[in-house]
Amino acid sequence: MKRRGMHLAATAALVLAGAGALLAVGWPLGRMAAEALAAAARATAPPLGSAIAVSAALSLLVTVLATALGLALALTARTLPRLPRRLLDTAIGGLVLVPPYSVAAALVAVGGRSGRFTAVLPDVYGLPGMAVAMTLAHLPIAYLMIRVAWRGVDPRLVETARVNGARAGDVIRLVLLPPLRGPLGVTAALTFVSTLSDPSIPAVLRGRAPILAHTAYIEVVAWGGEGTAALIAVLLTLPVLPLLLMLWRRPQKALRQTRWLGRGASPTLVLPRSPLVHLCRVLTVLVLCAVVVLALTSLAAMLRMQAPLVTPAMGTVITSTIRYALAALLLAAPLGVLTAWASARLGEKVARGVDLLQVTLMLLPNTALGIALFLAYGLKTRTPWGELPALVGGASLGSGAVALVIAFAAQAVPLVHLAARAGQRRTPHAVQETARLLGAGSRRRTLQLVLPHAGALVAATAAAVTARNIVSVAPIVFVSTPEAPMVASFALDLLDRASFEQTFALTAIVAVLVAGAGALVVAASWAAAGRRGAA
C-alpha cells in the first residue's frame, strides 16, 4: 500500500512539473513558432539569406577551432603533473565566468582602433575578430567536457601500449579517442548552437557583417520586429533538431547516463614523444598567452581610466541580478530533485523519457528561449479561462520579475535534474535492494546511500549554473527591464557607449563574487557529503 502511494505521488509530481513546464516554456515556444510561420507567410521579414550564410560559416569555423583547441588543451592537461594540471584547469575553466561580451571588449582593447597593439595586429572588427573572441569565449566548455570524458580512461592501457612499442598517434587513436566519440559530437553541437545564438560578441565586433542573433536582438529591443525575431529564433533552433533526434533514438546507454566518476584528480598519462604531443603543448602555451595578454590589457585599460570605475548603478545591477538568480535557484533546485526522484520511482522507461525532455530543454538555444518569452508574455495573453497578465516589461506583473525567474529557472532545472540522476546512478540498485531487505527504511536509504552522492553533485551543479546564469547574456537581455536591471543588459549599454573600462570592472566584480560563493558552496557540499558517507 505504501509503495502504491509513493507511485501515485511520483506520478502527480511529474504531471504538475510537466504542466508548469508546458505553461512556462512550451506555450512560448509554440507561440514563437506560430509567429514565425505567420511572418514567413506574409513575407514581411527582411532578406536573411546573407545573415544565415555568414552566421553558419562563422559558427562552423568557431566550432572546429574550439573543439580542436579543447582537445589539444585536454591532452596536454592529462600529460602534466597534478599541480600544473590544476593551474591549467583553473585558467581555462575560469573563463566560464567571463561573459562573451567582455572577451570581445578585451579584444578591442588589444587590437581595436585605439588598442595597445593596433599597429601590429590586423583589424579585429568583422568575421576574424568575432571568430577569435567566440573561440576563446566557448573554449572552456569544450575543454571541460573532454577532460571529464577522459577521466574514465585507465592509464594502464596507455602504459601497456607504450611497452608494446605503440606510437603516440596510435595511443591517441586507439585508447584516447574512442571514449570521445559521444562527447566530441555533443561538444561540437553545443558550441555550434551557442555561437550561432550569441548576440553579445557581434554587438561589439560585427562591423558590417550581418549576424542572425544580433539581428534578432535589435528587432526585439529596438525596432519591435516580432515576426522577424520569431523567424530568426526558429532558424537558430533548427541545428538542435538532428542532435535531439539522435538522442531520442539512441539506445539506453548514452552520454548523460555515463557513470559520474566523482571528485579527485585524473591520473597523469605518459605518452610517447611525438610531434602531435608537442603541437598540443605549443597550442596550450599560445592559448594561455592570448588569455594573459587580454587580461593584462584589460587591467591596464582600467588603471588608465580617469573617471570612476565602480558606480552606484553597478551595485544595484549586481544585487538585482544575484537576487533573481537565487530566487530562481530556490525554485529550480527542489523542482529538479523532485523530477529526478519521481522519474526514478516510475521505472527506467519513464526516467529515460524525463531525462530526454530535460536534455531537450538544456539544448534549446537561449536566444530562442528569450525571444519566445518576450513574444508570449510581452502582452496580455488570452486563454479559455481568461487573460494572463503580461510578464515581460516594466508595466507587467511584478515589473518583469516573473519572466526573469522563469528564464533563470529554465536553464537551472535540467542541470539539477541530470545531476540528481547522476547521483542516483552512483548508488547501485543492488546495494539499495540489499539495504531494504536488511530492514533499512526509505528515509535511511536516502540519507545514507543516495544523498552523500546526489546531494554534493546537486549542490555543485546548482552553484555552477547559478554562476553561469549571472554572467550569461541570453535569454536574460530579452526579458530584463529598467525596474529589474540585469548585469548583461547593463554591460551591453556600457559597450554601446564604448565604456570598455567600466565593463571590465563590472565583469571582474561579478566574477570574484560568483567564484567565491560557488567555491564555498562546493566545498561545503563535499564536506557534508563526506561526513554523511563516514557516518
Side-chain angles (χ1 to χ4, degrees), residues 13-34 36 59 141 145 182-183 185-197 230 232-258 328 331-333 335-344 346-373 375-376 406-422 424-425 461 465 468-469 472 474-475 478:
L14 285 184
V15 169
L16 291 176
L22 182 63
L23 181 63
V25 179
W27 156 248
L29 292 177
R31 172 72 179 272
M32 179 188 72
S59 297
I141 302 301
M145 290 190 69
V186 175
T187 298
L190 286 176
T191 304
F192 184 83
V193 172
S194 299
T195 54
L196 191 66
S197 60
I232 293 177
V234 171
L235 292 175
L236 296 176
T237 309
L238 291 180
V240 184
L241 299 182
L243 178 60
L244 294 178
L245 181 62
M246 180 189 70
L247 290 176
W248 279 92
R249 298 184 62 180
R250 197 167 182 172
Q252 290 286 339
K253 187 177 172 66
L255 175 65
R256 64 189 176 282
Q257 294 174 316
T258 301
L331 173 66
L335 187 58
V337 172
L338 180 64
T339 56
W341 167 82
S343 59
L346 296 178
E348 189 60 32
K349 289 185 177 180
V350 174
R352 171 175 164 77
V354 176
D355 289 349
L356 286 170
L357 288 174
Q358 297 284 11
V359 171
T360 301
L361 181 58
M362 184 179 67
L363 295 178
L364 180 70
N366 292 330
T367 295
L369 177 61
I371 293 174
L373 293 175
L375 294 177
I406 291 175
F408 277 128
Q411 296 177 303
V413 170
L415 291 174
V416 172
H417 169 91
L418 295 175
R421 293 281 291 136
Q424 291 172 348
R425 287 190 293 271
T461 303
V465 73
R468 187 59 183 167
N469 279 346
S472 63
F478 293 96

Any Leu364 side-chain heavy atom under 4.5 Å of Leu29 side chain: yes

Sub-4.5 Å side-chain heavy-atom contact between Val350 and Leu14: yes

Heavy-atom closest pair, residues Pro475 and Asn366: CB-O, 3.2 Å

Shortest non-hydrogen separation from Ala409 to Pro414 and the atoms involved: O-CD, 4.4 Å

pair Leu196-Pro365: side-chain heavy atoms closer than 4.5 Å: no

Taking every non-hydrogen atom, the tightest pair across Ala33 and Val234: CA-CG2, 4.2 Å

Separation between CG of Asp355 and NE2 of His417, rounded to the nearest 0.5 Å: 4.0 Å

Pairwise distance CG(Leu369) to CD1(Ile406) - rounded to 0.5 angstrom: 9.5 Å

Nearest heavy atoms of Ala233 and Met32, plus distance in Å: CB-SD, 3.2 Å

Beyond-backbone contact of Thr187 with Ile141, side-chain heavy atoms, under 4.5 angstrom: no

Nearest-0.5 Å distance that lies between atom CG in Leu363 and atom OG in Ser194: 9.0 Å

For Ala230 against Leu375, the heavy-atom pair lying closest together: CB-CD1, 3.5 Å

